[in-house]
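Shown next, in structure tokens, is the structure this report addresses.
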Amino acid sequence: MKRVVVGLSGGVDSSVAAYLLQQQGYEVIGLFMKNWHDDSVTISNECPWLEDSNDALLVAEKLGIPFQTVDLSEEYKEKIVDYMFNEYEKGRTPNPDVLCNREIKFDVFMKIALSLGADYVATGHYCQKSEIEVDGKTVYQLIAGNDVNKDQSYFLCQLSQEQLSKALFPIGALTKPEVREIAAEMELVTAEKKDSQGLCFIGKVRLPEFLQQKLQPKEGKIVQVDKNDPIYVSEIPAEVSLEEKLKLESQQLDYLPTMGKVVGKHQGAHYFTVGQRKGLNVGGTTDPLFVIATDVETNTIYTGLSSAHPGLFKKALFVGKSEVHWIREDLTLKAGEKMEVMARIRYRQPLQKAVLHQFEDGMYVEFEEAQSAITEGQFVAWYLGNELVGSGVIS
């Protein structure tokens, strides 16, 4: 009998995952990960993890499976939280959920599970796994979840073959309503529970407030750049090489405070991210203002009117050589090669037609249509059909 450790989060998805594995004849153990208990940076008195671990315990009791809590807050602080603050300080926007899967759930947590004699680790993610044979070797595939609205393959875009080989995703073929129905039939306490929002560790905390506790506020200017500014009319010369063309298409524009009018003040450029429109508190404009760039060196935020502002759009992005990650290692591109894919630059963004171009020092992802708010530090993931084959950090 194969043994599976399920990460029981106290939500409905992982509860049903545990139940389904039990039905499939696995020996199931429930583990709750406690990732956060630094009281110096909580915002509310609500303690979501206590409530969640109680729910997880009740589910385990209902299913009659062993249950324990593991405290991973040290590793979490070091690998996720410190990393986040460092990234924000550099003016980048990290994705803690992707990292949490790569560094915590499918690394630290997986090692604990395997030390308990588990053959597999299971989570309540909406995605699927299959395997094929390539040159006589088993290759694992990460497939999108069947519920288009809920597909979470993007969050697992940094997993390796090794991690996938030990992973199970029991609810990947189901839709959310089906999952809730099973939970209700089984009378699981989590059946009606709302989906958790916000960062995977701080529950109900709003990000700027969280960041303010570590990154000192400092006042700076909000500059509005006109959509007809000459910076947007740079033609790409016809005689440049493909690599040069992609470099020009993907690079950040160099804004200067003199290029626009000052329309307000902010409390720190590192609290803002490209594409953001809330929190600027600038009134009296015909259309909403969007952040088109931030400069942490000069502590300036550049904004543009409306979601169609040219400062928001780019045709290509670059991923540095060390940041290119292939789940399907057998598909890795060599320098000079290219591949047509579907790609997304954020969770739940509809897939976009794109071409990967691999060069010596990294990879360009060139989109058929210009993309809004390509954000440094976030992940781009690329798919062939419904299979996520690779990803990278946008630089």
Side-chain angles (χ1 to χ4, degrees), residues 87-95 206-208 211-212 215-237 240 244-319 344-346 349 352 354 364-380 393-395:
E87 286 285 278
Y88 276 107
E89 237 165 346
K90 291 183 201 144
R92 291 164 51 121
T93 309
N95 188 317
R206 283 194 294 290
L207 196 60
L211 292 172
Q212 266 158 8
L215 304 175
Q216 289 312 305
K218 53 179 181 201
E219 193 170 277
K221 294 188 173 92
I222 299 178
V223 174
Q224 182 185 338
V225 182
D226 190 277
K227 68 175 192 293
N228 300 316
D229 191 281
I231 192 168
Y232 301 125
V233 229
S234 58
E235 286 293 304
I236 293 177
V240 297
E244 277 299 306
K245 171 178 167 274
L246 291 165
K247 192 173 183 174
L248 289 167
E249 286 181 344
S250 65
Q251 70 188 12
Q252 302 281 2
L253 297 174
D254 289 322
Y255 292 101
L256 297 166
T258 50
M259 284 179 183
K261 55 180 188 189
V262 176
V263 291
K265 295 192 175 89
H266 61 82
Q267 291 306 307
H270 43 253
Y271 301 139
F272 290 84
T273 180
V274 175
Q276 180 175 338
R277 72 168 214 213
K278 294 196 169 74
L280 285 165
N281 300 326
V282 177
T285 57
T286 47
D287 286 296
L289 279 181
F290 287 80
V291 177
I292 54 176
T294 61
D295 185 338
V296 288
E297 298 299 312
T298 62
N299 196 29
T300 314
I301 291 177
Y302 296 96
T303 59
L305 268 191
S306 96
S307 58
H309 190 281
L312 282 170
F313 291 88
K314 282 203 297 216
K315 275 281 290 198
L317 62 84
F318 182 68
V319 177
R344 57 168 53 107
I345 53 173
R346 60 183 74 88
Q349 180 198 24
Q352 309 287 318
Y364 288 95
V365 181
E366 184 184 26
F367 292 94
E368 188 171 78
E369 290 175 17
Q371 298 296 307
S372 174
I374 290 176
T375 308
E376 202 185 340
Q378 290 276 317
F379 290 89
V380 54
V393 180
I394 300 170
S395 69

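In this chain, numbering begins with 1 at the start of the sequence shown.
Within the model, atoms CZ of Arg346 and CD1 of Ile394 stand 8.5 Å from one another, a figure rounded to the nearest 0.5 Å. Rounding to the nearest 0.5 Å gives a distance of 11.5 Å between CD of Gln371 and CZ of Arg344. Here the CG-CD distance, from Leu289 to Gln276, works out to 12.0 Å after rounding to the nearest 0.5 Å. The CD atom of Gln378 lies 6.0 Å from the OG1 atom of Thr93; values are rounded to the nearest 0.5 Å. The distance from atom NZ of Lys315 to atom CD1 of Ile374, rounded to the nearest 0.5 Å, is 10.5 Å. Taken from CD1 in Ile222 to CZ in Phe272, the straight-line distance is 6.0 Å, to the nearest 0.5 Å.
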Output, in order, the C-alpha distance, side-chain angles, deciding distance and verdict of side-chain contact (heavy atoms from CB on, under 4.5 Å) for Phe379 and Val393.
CA-CA 5 Å; Phe379 290 89; Val393 180; 3.5 Å; yes

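You'll find the side chain of His309 stays beyond 4.5 Å of the side chain of Phe290, heavy atoms only. Residues Glu89 and Val296 are not in side-chain contact: their nearest non-hydrogen atoms beyond the backbone lie 4.5 Å or more apart. Residues Gln267 and Glu219 have side chains in contact (heavy-atom distance under 4.5 Å, counting atoms from C-beta outward). When side chains are defined from C-beta on, Val291 counts as touching Leu280, because their heavy atoms get closer than 4.5 Å. Considering only heavy atoms from C-beta on, Thr273 stays 4.5 Å or farther from Tyr88 through its side chain.
Residue Ala373 comes nearest to Gly275 through the heavy atom pair CB-CA, 3.8 Å, listed as atom of the first residue, atom of the second, then distance. A pairwise comparison of heavy atoms in Ala269 and His266 identifies N-CE1, 3.4 Å as the closest pair. Smallest separation of non-hydrogen atoms from Ile236 and Val240: CG2-CG2, 3.9 Å. Residues Glu366 and Ala316 share a closest heavy-atom pair of CA-CB, 4.1 Å.
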Show which side-chain atoms of residues 246-262 pair as donor or acceptor with protein atoms under 3.5 Å away, not counting sequence neighbours.
residue	atom	partner	partner atom	Å
Ser250	OG	Leu246	O	3.0
Ser250	OG	Lys247	O	3.3
Tyr255	OH	Tyr232	OH	2.9

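When the shell of 6.0 Å around NZ of Lys314 is examined, it contains more than 12 heavy atoms from other residues, nucleotides or ligands.
Applying the side-chain hydrogen bond (donor to acceptor under 3.5 Å, both in side chains) test to every pair with at least one member in residues 292-301, sequence neighbours left out, gives these pairs: Asp295-Thr298, Thr298-Thr300.
In terms of modelled atom types and a separation under 3.5 Å, the side chain of Tyr364 and the main chain of Lys245 share no donor-acceptor contact.
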